[in-house]
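All values derive from a computational prediction rather than experimental measurement.
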Amino acid sequence: TGTYTIAAGSLLANAPFTVGAFTLTAGNVTANSTLTTGAFTHTAGNITVNTGGTANTQAYTQNGGNIILSGGDLVTTTFTSSTSTARTIQFGTSNINATSTGTVVNMATTANCTVTGTGNINITNNGSTAITVTPGALAEANSINYNVIAGTYPLTITAGNVKSLNFTGY
């Protein structure tokens, strides 16, 4: 496993595909199967996760570009989308699942961030180490649903807006 960068063109994962650290600076990544990466840095271009696909990352940082969840989920230890660069998160009905400890979601800076769909950010960690979620100040129409569905950890939700907050399983 090395470091991989896509600066143009496309990566199509139709079968399980595993790589090391990954950077998307232009072009497209499409997961129709399981795409597993190390830390994923996204500055431009599109990542699309289709039905039957899953993108598993060690940490996902969106510094720009588009996340298109079209039936498949983005599973990551931590999710960061905190920049003033234009970016979109298109949930459809799919989810982002954050599974680590510490700051698992950081959307503190929401300028130029557009969110669509009815998907959720699910916080799932069976441990007892503290977790922080920073939802940011998205407009209500762009706010995201958060589900805290497993664990016994202390949870801090910093200032920001959420569409709904569900503690089922917590």
Does one side chain, of [X] or [Y], offer a donor that lies under 3.5 Å from an acceptor on the other?
X: Thr109; Y: Ser84; result: no
X: Thr76; Y: Thr57; result: yes
X: Asn66; Y: Thr88; result: yes
X: Thr48; Y: Asn46; result: no

Where do Ala26 and Ala7 come nearest, in terms of heavy atoms and distance? CB-O, 3.0 Å
Taking all heavy atoms of Gln62 and all of Ser81, pick out the closest pair and write down the distance. OE1-OG, 2.8 Å
Please determine whether residues [X] and [Y] belong to a single hydrophobic cluster, defined as Ile, Leu, Val, Met, Phe, Trp and Tyr linked transitively by side-chain heavy-atom distances below 4.5 Å.
X: Ile6; Y: Leu12; result: no
X: Phe17; Y: Ile68; result: no
X: Leu11; Y: Val19; result: yes
X: Ile149; Y: Leu165; result: no

Is any side-chain heavy atom of [X] less than 4.5 Å from a side-chain heavy atom of [Y]?
X: Tyr146; Y: Ser164; value: no
X: Thr54; Y: Val75; value: yes
X: Asn166; Y: Asn145; value: no
X: Phe79; Y: Val104; value: no
X: Thr78; Y: Ser100; value: yes
X: Ile157; Y: Pro135; value: yes

Please assess Leu74 against Leu69 for the test side-chain contact (heavy atoms from CB on, under 4.5 Å), listing each intermediate value before the final yes or no. CA-CA 8 Å; Leu74 172 63; Leu69 302 176; 4.1 Å; yes
Using the side-chain contact (heavy atoms from CB on, under 4.5 Å) rule, pick out the option among Thr124, Asn120, Asn95, Thr168 that qualifies with Asn147. Asn120
I would like to know whether His42 and Ile47 meet side-chain contact (heavy atoms from CB on, under 4.5 Å); could you show each step before the answer? CA-CA 9 Å; His42 183 177; Ile47 180 168; 3.7 Å; yes
List the atom pairs, with distances to 0.1 Å, where a side-chain N or O of residues 29-41 and a protein N or O form a donor-acceptor pair under 3.5 Å, not counting sequence neighbours.
from: Asn32; atom 1: OD1; to: Asn50; atom 2: ND2; distance (Å): 2.8
from: Asn32; atom 1: ND2; to: Asn14; atom 2: OD1; distance (Å): 2.7

Atom pair [atom1]/[atom2] of [X] and [Y] - distance to nearest 0.5 Å:
X: Asn122; Y: Asp73; atom1: CG; atom2: CG; value: 7.5 Å
X: Ile121; Y: Ile96; atom1: CD1; atom2: CD1; value: 4.5 Å
X: Leu24; Y: Asn63; atom1: CG; atom2: CG; value: 11.0 Å
X: Asn125; Y: Asn97; atom1: CG; atom2: CG; value: 12.5 Å

Under the side-chain contact (heavy atoms from CB on, under 4.5 Å) test, which residues partner Val115, sequence neighbours left out? Ile89, Phe91, Cys113, Leu138, Asn142, Ile144
Among residues at least two apart in sequence or on other chains, which ones pass side-chain hydrogen bond (donor to acceptor under 3.5 Å, both in side chains) with Ser94? none
Stepwise side-chain contact (heavy atoms from CB on, under 4.5 Å) check, Val148 with Leu155: CA-CA 9 Å; Val148 183; Leu155 174 66; 3.8 Å; yes
Would Ile131 and Thr129 count as a side-chain contact (heavy atoms from CB on, under 4.5 Å) here? Give the steps. CA-CA 7 Å; Ile131 289 182; Thr129 302; over 6 Å; no
